[in-house]
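Report on one structure; see the data block that follows.
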Amino acid sequence: MNNFWLVKSEPKEYGWEDLLKTRSATWDGVRNFQARNNLACMKKGDLVYFYHSGKNPEIVGIAKVVKEHFQDPTSQDPRWLSVELAADKPLTFPVTLKEIKKDKRLKEMKLVKQSRLSVMPVTEEEFYALLSLSAKKDVKL
DNA sequence: GCCAACGTTGGC
DNA sequence: GCCAACGTTGGC
């Protein structure tokens, strides 16, 4: 029953800018069963935080599930799945991992607790807490 | 560059 | 089926 998610990507390999350019992307190459199970639960229209891992770890945008799971085209094994994601909107300001770790509302986030998972559910509370973190910086302008 | 966390592999 | 060794991810 999850409606919110978070996916990670190394911006050097495939970043938010690439998603904007190509409009949509097949989220392939996931080779972890837990992450795969999460892909399988995604429904069309679900919102997905797009996270950049690596040098400047932060959430940079919101994507949307445009096609539900199908076999990963990069694998012969039917157990591996992909979804199709499209850019929905950028965050006004990215939310850094540092800020996420500082926020007590986000203490239980899988991003913090299970740092290696690349596709994870986000609760509704977490989703809106993250949105407010991104929007709050607006006020300073 | 290091290290923690965690997944996978292979010997027994 | 256990566990040690090893590989990978990802933060710092």
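A note on names: the letters A, B, ... follow the listed sequences, proteins ahead of strands, and every chain is numbered from 1.
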Inset, instruction - Tell me what A:Lys101 touches on the nucleic acid: a base, only sugar-phosphate, or nothing, going by heavy atoms under 4.0 Å. - result: sugar-phosphate
Legend entry - Nearest-0.5 Å distance, OG1 of residue A:Thr96 to OH of residue A:Tyr51: 9.0 Å
Inset, instruction - Check whether A:Leu20 and A:Val83 end up in the same hydrophobic cluster, where Ile, Leu, Val, Met, Phe, Trp and Tyr are linked by side-chain heavy atoms less than 4.5 Å apart. - result: yes
Inset, instruction - Could you tell me from which nucleotide to which nucleotide of DNA chain C, 5' to 3', there is an atom under 4.0 Å from chain A heavy atoms? - result: C:dG7 to C:dC12
Legend entry - End-to-end axis angle, where each axis spans five pairs of the helix from B:dG1-C:dC12 to B:dC12-C:dG1, to 10°: 10°
Inset, instruction - Apply side chain to side chain donor-acceptor pair (under 3.5 Å) to A:Asp103 and list each qualifying residue two or more places apart in sequence or on a separate chain. - result: A:Arg105
Inset, instruction - Answer yes when A:Arg36 and A:Asp72 have at least one side-chain N-carboxylate O distance shorter than 4.0 Å, and no when they do not. - result: no
Legend entry - Non-neighbouring partners of A:Glu84 that pass side chain to side chain donor-acceptor pair (under 3.5 Å), sequence neighbours left out: A:Ser24, A:Thr26
Legend entry - Minimal non-hydrogen separation, A:Leu131 against A:Tyr49, with atom names: N-OH, 3.3 Å
Inset, instruction - List for me each residue that meets side chain to side chain donor-acceptor pair (under 3.5 Å) alongside A:Glu108, sequence neighbours excluded, and say none if there are none. - result: A:Lys113
Inset, instruction - Check side chain to side chain donor-acceptor pair (under 3.5 Å) between A:Glu68 and all other residues, then give those that pass, not counting sequence neighbours. - result: none
